[in-house]
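One structure is given here, and the rest of the page talks about it.
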Amino acid sequence: MIDNLFLGFFQILTTLANVLLAPINLLIVDVFPNLNQALISISNLFDIISTYIYWVIDLFGLSPLACQMIIYYFTFILTVPVTVYVIKIAIKWYHYLMP
Amino acid sequence: MVFLKKIISKICVIVGVIFCLGFLSQFFPFLNGFIVDTYAQEDVPFKVGVLNTSGSNTTVTGLDGTFSNFFENANQNSLNTFQYYLFGVDTSTCQEDSCDLVADPVRQWYSYNDLTDNLEFNYPYQHSTDVTYMGSLSYTFTKQFKLTNSNHYSIMLAIYKSSNDIRFNTNLNPNLTGLNITIGQGTSERQILSSVDNLDVKHTIYTDRNNSQSHWASITVEFDTNSNFESLGNNEDIYLSSLMFDINTPQEGWSNISYPFNNVLYFPSNKSSDVYIKNYLYVIENGSIFYTLDGMPFGEEYDFTSYEDINVINSIPTCSDNITSLSDIGCHIKRVFTMIEKFFIRISNFFKELLKSITQSLTPQPHTLAEQYFQTFHLEDGGVSTVISKPLEFISDFNTTSCQPISLSLGSIPITLPCMTSIYISKFNTIFTIYQAITTGLICYYCCLNMFLVIKKLQAPDNDKVEVLDL
């Protein structure tokens, strides 16, 4: 149940992010092409990192447990704070709207 | 001189504490109850027998020695008819051939399920119309068991039949021909170990040595996994899937049948309704945690805690209340140290179980957590969206991708950089294990600490202050 709640919540977030970012992206691509190139280079950087990071991890001999823990950590800090924040905002709205 | 005094005083304090603990343990039995007896990394210290209550007389088969305490402790009234109980004896209590058998509720095993569907016998030779010799047997586990690093596994296959025709002579030496260990489950399952050569495996057979027509026999397979066992799975889980045995049967047809009577297991080939074979199978992981391979409970009233407490109290050496000699003092000191050791083992087991319970209940498939949450997260390419989505995609892929050798060209010379972990393992196995333990500990500590800080910050989600140091 908790998993489904999280998944549903993230789908809503994704849709909202797409809706909100669409005009900003359009503006950047059309008006600031150089900025767009800079942003694309960030994406390329991640692609390069993705290619070699696994070899580097292997080089440092990190255990699968350590890698899992890093994934957990980033998953946690990217999901839980946003979720809690949204729930608290919803509660706050509820208090405002209820007489 | 002052230094010497300090050392002597410290020794006195330590000895005093030990004595206090020893005497406290005499007056507070519950202290004993917190200490668990464990079978970790030892030979399985108990043997299993069958208690048959179906007839007018309660009989015990399958165990050596005398069992003075069992019938005093067992609650005969709770044993329904037509039930057979497997129970254990702690061989550490045995003196010569006499063992004290404890009525052990954990190993009571109801026989209402017939598990023979998964047990396949091969009957190559038939002596007469009613006797067949078993040539091999294999067992495919209906519930696959995940195998982990540095663990000790003990699997017992017990075969029981309700008539007198089963025989398992002590000279029998079946050959373990297959211990199938696979990676993945279901359709993705594929075998990685088809023989026992890669594992330190030993197997033993136990039967009622004093009974030429035993009801019951068992085969126990034990093996240890090393610290790098999981790496065989290449990031996939490794499971135990089946066991296969060849029984030492005659090879040349009927002419050789005459001698193997003493070293084969035989039972009637007529599988009528009154000839009924039951098998009991369970795994002891690391010697302390019991599973049934078929998911069967050990009984509705299964209470692991009380079992541990009873077992611990029995395992702690008894000492004389009157201290009259140095050996009595030594006995008490040994008793206290045994208790402390067991106490810490119990704490360790408690946290291990707690962690397992939390992991299983909250995150049934933790390794897919990141993938699961981020698999639907796809923003349109271009602009700011790329910057947001790329790190998330990176995390999502992080767990599913493994190391690949890197090929570079230095001028005209091609260079391939291999994945190093396999080299580390082959060259510096012990040091590498220690290194991994330390780095894993530090990383886990860092992650847990920061997660705690994130939770702490969540207490004030409306705080809009921009921290300069954070920037």
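Here is the naming used below: chain letters follow the sequence lines, and residue numbers restart at 1 for every chain. Predicted model only: the values in this text are computed from it and were never measured.
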Task: Closest non-hydrogen atom pair, A/Tyr52 against B/Ile406 - done: CD2-CD1, 3.2 Å
TODO: For residues B/Gln436 and A/Ser63, report the shortest heavy-atom separation together with the two atoms involved.
DONE: NE2-CA, 3.5 Å
Task: Interface moiety of A/Ile24 toward chain B, non-hydrogen atoms closer than 4.5 Å - done: side chain
Task: Portion of A/Phe60 that has a non-hydrogen atom of chain B nearer than 4.5 angstrom - done: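 Looking at A/Phe60, backbone and side chain both touch chain B.
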Open item on the list: Under the disulfide bond (SG atoms under 2.5 Å apart) definition, can you give me all pairs with a residue in residues 406-439 of chain B, not counting sequence neighbours?
Closed with: B/Cys403-B/Cys419
- [ ] For B/Cys444, enumerate each residue passing the disulfide (SG to SG under 2.5 Å) test, keeping only those at least two apart in sequence or located in another chain.
- [x] none
- [ ] Applying side chain to side chain contact (heavy atoms under 4.5 Å, CB included), run through B/Ile443 and A/Leu62 and close with a yes or a no.
- [x] CA-CA 10 Å; B/Ile443 288 169; A/Leu62 290 183; 3.6 Å; yes
Task: Sorted by number, residues from residues 424-434 of chain B in contact with chain A (heavy atoms, under 4.5 Å) - done: B/Tyr424, B/Phe432
Task: Pick from B/Thr439, B/Leu417, B/Val454 with the largest number of heavy-atom pairs that fall under 4.5 Å of chain A - done: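 Of the options given, most contacts go to B/Leu417.
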TODO: For residues 41-51 of chain A, pull every pair meeting salt bridge (Lys or Arg N to Asp or Glu O under 4.0 Å), keeping only residues two or more places apart or in separate chains.
DONE: A/Asp47-B/Lys390
